[in-house]
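Everything on this sheet refers to the single structure shown next.
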Amino acid sequence: MLECLLVGIGGFIGSVLRYLVGLLPMKPDNQFPVKTLFINIFGAFIISIIVAMAAKNKSLNPNFILMLKVGVCGGFTTFSTFAFETAELIQNGNVVVAVSYAVSSVVLGVLAIYFAQMIIN
């Protein structure tokens with residue numbers, strides 16, 4: 001039960017952070033979802049840092065790692081929003097923007113993981 005509570009607390013923190021990023025006044029003319037891209041790339045980077053630190057430092061509290069990884073990062077990242085925005089761009093005829101958004105989200109997300117691992121290792 002403690003684990004569920006910690007994930008819930010972390011999810012609250014991540015969700016509020018995501019909401020605050022969503023308030024940033026950024027809206028490019030081409031409708032590219034910059035904020036969601038940033039959230040997902042930054043979330044990929046942070047979750048990789050957390051996992052790498054936990055692997056390197058076995059004395060870190062596993063419940064704290066769970067709260068950060070599943071709770072905060074899970075509440076902060078926005079794959080469902082990413083999928084919805086991509087579909088909406090396609091439906092609105094912005095296929096090139098949709099494809100560039102999807103490709104950049106995946107490629108930059110994976111690169112963020114490797115970059116974070118290089119920093120920690």
Side-chain angles (χ1 to χ4, degrees):
M1 191 59 161
L2 174 64
E3 290 86 0
C4 291
L5 182 61
L6 292 171
V7 168
I9 291 168
F12 170 79
I13 292 167
S15 296
V16 169
L17 289 172
R18 184 204 181 290
Y19 170 73
L20 293 174
V21 170
L23 294 177
L24 294 174
M26 293 186 286
K27 188 146 182 142
D29 292 339
N30 67 358
Q31 302 302 308
F32 190 92
V34 174
K35 293 183 272 191
T36 305
L37 176 65
F38 168 77
I39 288 166
N40 287 335
I41 301 311
F42 188 68
F45 179 80
I46 294 301
I47 200 167
S48 184
I49 293 284
I50 294 165
V51 170
M53 288 176 64
K56 271 187 121 167
N57 187 351
K58 299 294 183 194
S59 66
L60 291 174
N61 184 320
N63 285 333
F64 182 66
I65 299 302
L66 177 70
M67 184 183 83
L68 291 176
K69 190 171 77 171
V70 177
V72 175
C73 289
F76 182 68
T77 58
T78 56
F79 187 78
S80 58
T81 303
F82 157 73
F84 177 80
E85 288 173 342
T86 303
E88 190 173 52
L89 285 166
I90 292 168
Q91 289 169 352
N92 292 334
N94 295 318
V95 176
V96 172
V97 174
V99 170
S100 64
Y101 176 50
V103 169
S104 61
S105 293
V106 172
V107 170
L108 292 173
V110 171
L111 288 175
I113 298 293
Y114 285 112
F115 183 64
Q117 290 173 347
M118 285 175 23
I119 289 173
I120 296 300
N121 294 326

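When reading the values below, keep in mind they use all heavy atoms of this one structure, side chains included, and skip hydrogens, waters and symmetry mates.
A single hydrophobic cluster is not seen to contain both Leu5 and Val7; linkage of ILVMFWY side chains at heavy-atom distances under 4.5 Å, directly or through other members, places them apart. By the rule that hydrophobic residues join a cluster once side-chain heavy atoms approach within less than 4.5 Å of another member, Tyr19 and Val21 end up as members of one cluster. At a threshold of 4.5 Å between side-chain heavy atoms, the hydrophobic network of Ile, Leu, Val, Met, Phe, Trp and Tyr places Val70 and Ile65 in two separate groups. Under a hydrophobic-cluster definition in which Ile, Leu, Val, Met, Phe, Trp and Tyr are linked whenever side-chain heavy atoms come within less than 4.5 Å, directly or via other members, Phe84 and Phe79 are assigned to different clusters. By the criterion of side-chain heavy atoms lying less than 4.5 angstrom apart, applied directly or through intervening Ile, Leu, Val, Met, Phe, Trp or Tyr residues, Ile90 is not grouped with Val96; the two fall into different hydrophobic clusters.
Here CE of Met53 is found 6.0 Å from CG of Leu60. Values are rounded to the nearest 0.5 Å. Note that the OG1 atom of Thr77 and the CD1 atom of Ile47 stand 7.0 Å from one another [nearest 0.5 Å]. For the atom pair CG of Asn94 and OG of Ser100, the computed distance is 9.5 Å after rounding to the nearest 0.5 Å. Rounded to the nearest 0.5 angstrom, Ile119 CD1 and Ile49 CD1 are separated by 5.0 Å. Once rounded to the nearest 0.5 Å, the distance linking CD1 of Ile13 with CZ of Phe76 reads 12.5 Å. Here the CD1-CD1 distance, from Ile39 to Ile46, works out to 13.0 Å after rounding to the nearest 0.5 Å.
Between Phe45 and Ile113, the closest side-chain pair of non-hydrogen atoms is not below 4.5 Å. Looking at heavy atoms from C-beta onward, Leu68 lies out of side-chain contact with Cys73 at the 4.5 angstrom threshold. Between Leu111 and Val107 there is a side-chain heavy-atom pair separated by less than 4.5 Å.
Of the possible donor and acceptor atoms, one in the side chain of Asn92 sits under 3.5 Å from a partner among the backbone N and O of Glu88. Panel note: side chain Asn40, backbone Thr78; a donor-acceptor pair is recorded below 3.5 Å. Under the 3.5 Å distance criterion, the side-chain polar atoms of Lys69 are left unmatched by any main-chain donor or acceptor of Val51.
Closest of all the heavy-atom pairs between Met26 and Lys35 is O-CE, 3.3 Å. Taking each heavy atom of Asn61 and Asn63 in turn, the nearest pair found is OD1-N, 2.7 Å. Taking all atoms of both residues into account, the shortest heavy-atom contact from Gly109 to Ile41 is N-CD1, 3.1 Å. Heavy-atom minimum distance, Gln31 versus Leu89: O-CD2, 4.0 Å. In terms of heavy atoms, Glu85 sits closest to Pro33 at OE1-CB, 3.0 Å. Counting all heavy atoms, side chain and backbone alike, Ile120 lies closest to Ala52 at CG2-CB, 3.4 Å.
A search for side-chain contact (heavy atoms from CB on, under 4.5 Å) contacts involving Phe12 returns Val16, not counting sequence neighbours. Scanning for ring pair (Phe, Tyr, Trp, His ring centres under 6.0 Å) contacts around Tyr101 gives Phe32, Phe82, with sequence neighbours left out.
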